[in-house]
Amino acid sequence: MSISLTHKYSELYPSKALENYVASYFEARNESDRSEEITICPDAYFKLIIQVLDGKITAYFLTGLWAKEIDIVVQPRIITYGIRFKVIAPEYILRGEIKSILNSVEQLKTEYFDVDKMEFTTFPKVVEQLEHIILKRLPREDEIKSNRLRLSQFLYSQYEDIKAGEVASQIYWSQREINRYLSKYIGVSLKKYLNIQKCYRSYFQIRDGEFFPERGFFDQAHFIREVKKHTGKTPSQLYKGKNDQFIQLKNMKHR
């Protein structure tokens, strides 16, 4: 599979009030007159996706957490807007679980999140509207449990390899309870989530043509095996595809 240079990708980041719940917003434009096939690798986030043609919504869905690669087809002239959510967003923003759509999607009615009232003009304007919608759904500060906040803050601030037991000890929340929480809302254990996150962070290294892990894997064989388990490709195959079907690898930013 390959994509043309007419596929444009941009990211913006959330306001401080939402940074524990949202990782980023993105816009992907297929500016060609043909369909494009793209491979998406697991990135440890779940997403709300809105696809628009000529200012009108053509598709609207929620993805679960991806633990494996997925191939998608983007129709001609489609603009895709998305929100990358963090692990505590199901409880506090969506107000429900997404474990039932692990490695899958749920089609949504446009009334959900009031996206039927949105205007799709510029990317910053779309993000401004999404922020307003999410902020209205966010509970009062005294209704948000501190252990959830500590979990989100710690998971997305650590770029070193870390074990599940270390997470528990650092945020003063037992590993058993964290596992129960993550399994209830997103459908995976803490260990599984950390493995997906570790694989995602290795993409930066792969993108730069480095195929021997700096940390987090026992040896190169373990590194190759884990990457292939989550992406269906070896590190060298991902690197070769970074400028065509793996648009995600080309555009990722450290954050």
Side-chain angles (χ1 to χ4, degrees), residues 10-27 43-52 57 59-66 80-102 104-158 167-168 170-173 177-188 190 193 196-197 200 253 255:
S10 304
E11 280 189 4
L12 290 172
Y13 299 106
S15 61
K16 187 172 180 59
L18 292 176
E19 62 186 5
N20 290 316
Y21 310 92
V22 174
S24 65
Y25 305 94
F26 64 89
E27 177 192 62
D43 61 4
Y45 302 109
F46 65 96
K47 304 167 187 74
L48 189 75
I49 303 292
I50 311 166
Q51 292 189 318
V52 175
I57 297 173
Y60 181 41
F61 55 92
L62 181 69
T63 80
L65 188 71
W66 293 105
T80 301
Y81 298 104
I83 309 172
R84 286 193 180 88
F85 284 113
K86 297 182 178 182
V87 294
I88 65 172
E91 179 180 12
Y92 291 118
I93 305 300
L94 305 184
R95 301 173 189 171
E97 55 83 16
I98 59 162
K99 67 178 181 181
S100 56
I101 54 170
L102 179 67
S104 184
V105 303
E106 178 184 355
Q107 302 297 325
L108 301 172
K109 295 182 178 180
T110 56
E111 293 84 0
Y112 183 71
F113 264 44
D114 292 330
V115 301
D116 54 337
K117 298 181 176 66
M118 289 180 60
E119 295 181 2
F120 298 96
T121 52
T122 66
F123 181 34
K125 184 66 176 177
V126 169
V127 169
E128 181 183 325
Q129 293 171 86
L130 290 172
E131 286 249 320
H132 180 69
I133 290 167
I134 297 171
L135 283 167
K136 286 197 303 182
R137 298 179 66 90
L138 193 64
R140 297 193 317 268
E141 188 174 343
D142 61 358
E143 296 177 316
I144 299 171
K145 295 182 179 179
S146 60
N147 54 3
R148 272 68 158 167
L149 290 176
R150 291 196 302 271
L151 176 65
S152 180
Q153 291 163 358
F154 189 76
L155 285 177
Y156 304 104
S157 64
Q158 293 298 310
V167 175
Q170 289 289 331
I171 69 170
Y172 309 106
W173 193 12
E177 290 177 337
I178 297 172
N179 281 333
R180 186 180 298 128
Y181 179 77
L182 294 181
S183 296
K184 174 182 177 180
Y185 282 102
I186 66 174
V188 298
L190 176 59
Y193 186 81
I196 296 170
Q197 194 175 58
Y200 167 65
K253 300 180 179 70
R255 184 172 170 87

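- With sequence neighbours excluded, the residues that form a side chain to side chain contact (heavy atoms under 4.5 Å, CB included) with Arg140 are Asp142, Glu143.
- For Glu119, there are no salt bridge (charged side-chain N to carboxylate O under 4.0 Å, His left out) partners two or more places apart in sequence or in a different chain.
- Distance alone, capped at 3.5 Å, is enough to place a donor-acceptor pair between the Thr63 side chain and the Lys47 backbone.
- The aromatic rings of Tyr81 and Phe120 lie parallel to each other, their planes meeting at an angle below 30°, with 60° marking the opposite boundary.
- For the atom pair Thr122 OG1 and Glu128 CD, the distance stands at 8.5 Å (nearest 0.5 Å).
- How far CD1 of Ile50 is from CZ of Phe113: 9.0 Å, rounded to the nearest 0.5 Å.
- For Arg150 against Ile171, the heavy-atom pair with the smallest separation is NE-O, 2.6 Å.
- Closest non-hydrogen pair, Ala17 versus Leu135, comes out as CB-CD2, 3.9 Å.
- Side-chain contact between Thr80 and Phe26: present, with at least one pair of heavy atoms (C-beta onward) separated by less than 4.5 Å.
- Atom CD1 in Ile178 sits 8.5 Å away from atom CG in Asn147 (nearest 0.5 Å).
- Here the closest non-hydrogen pair linking Leu65 and Phe46 is N-CB, 4.0 Å.
- With hydrogens and angles disregarded, a donor-acceptor distance shorter than 3.5 Å links the side chain of Lys86 to the backbone of Glu19.
- For the side chain to side chain contact (heavy atoms under 4.5 Å, CB included) with Trp66, the qualifying choice from Val105, Ile196, Asp43 is Val105, the only one to do so.
- Side-chain contact between Glu27 and Val126 is absent, with no heavy atoms from C-beta onward closer than 4.5 Å.
- Counting only distance, with no hydrogens or angles, the side chain of Glu131 and the backbone of Ser15 share a donor-acceptor pair below 3.5 Å.
- With sequence neighbours excluded, the residues forming a side chain to side chain contact (heavy atoms under 4.5 Å, CB included) with Ser100 are Glu97, listed by chain and number.
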Throw together a table of side-chain donor-acceptor distances under 3.5 angstrom for residues 87-95, partners on residues two or more places apart or in other chains.
from  : atom 1 : to     : atom 2 : distance (Å)
Glu91 : OE1    : Arg148 : NE     : 3.1
Glu91 : OE1    : Tyr181 : OH     : 2.7
Tyr92 : OH     : Lys145 : N      : 3.0
Arg95 : NE     : Arg137 : O      : 3.4
Arg95 : NH2    : Arg137 : O      : 2.3

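- Qualifying side chain to side chain contact (heavy atoms under 4.5 Å, CB included) partners for Glu106, counting only residues two or more places apart in sequence or in other chains: Leu62, Ile101, Leu108.
- In this structure, Tyr25 OH and Leu12 CG are separated by 9.5 Å, a value rounded to the nearest 0.5 Å.
- Using a distance-only test at 3.5 Å, with no hydrogens or angles considered, no donor-acceptor pair links the side chain of Tyr60 to the main chain of Val115.
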* Which is it for Met118 and Leu130 under the side chain to side chain contact (heavy atoms under 4.5 Å, CB included) test, yes or no, and what are the steps along the way? -> CA-CA 8 Å; Met118 289 180 60; Leu130 290 172; 3.8 Å; yes

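- With rounding to the nearest 0.5 angstrom, the OH atom of Tyr13 is 15.5 Å from the CG atom of Leu18.
- Residue Glu141 qualifies as open at atom CD: its count of foreign heavy atoms under 6.0 Å is 12 or below.
- Shown here for Phe85 and Tyr45, the closest heavy-atom pair between the two residues is O-CD2, 3.4 Å.
- The CD1 atom of Ile134 sits 8.0 Å away from atom CG of Leu48, with the distance rounded to the nearest 0.5 Å.
- Of the possible donor and acceptor atoms, none in the side chain of Arg84 sits under 3.5 Å from a partner among the backbone N and O of Ala23.
- Legend: residues meeting side chain to side chain contact (heavy atoms under 4.5 Å, CB included) with Lys136, ordered by chain and number and at least two apart, are Asp114, His132.
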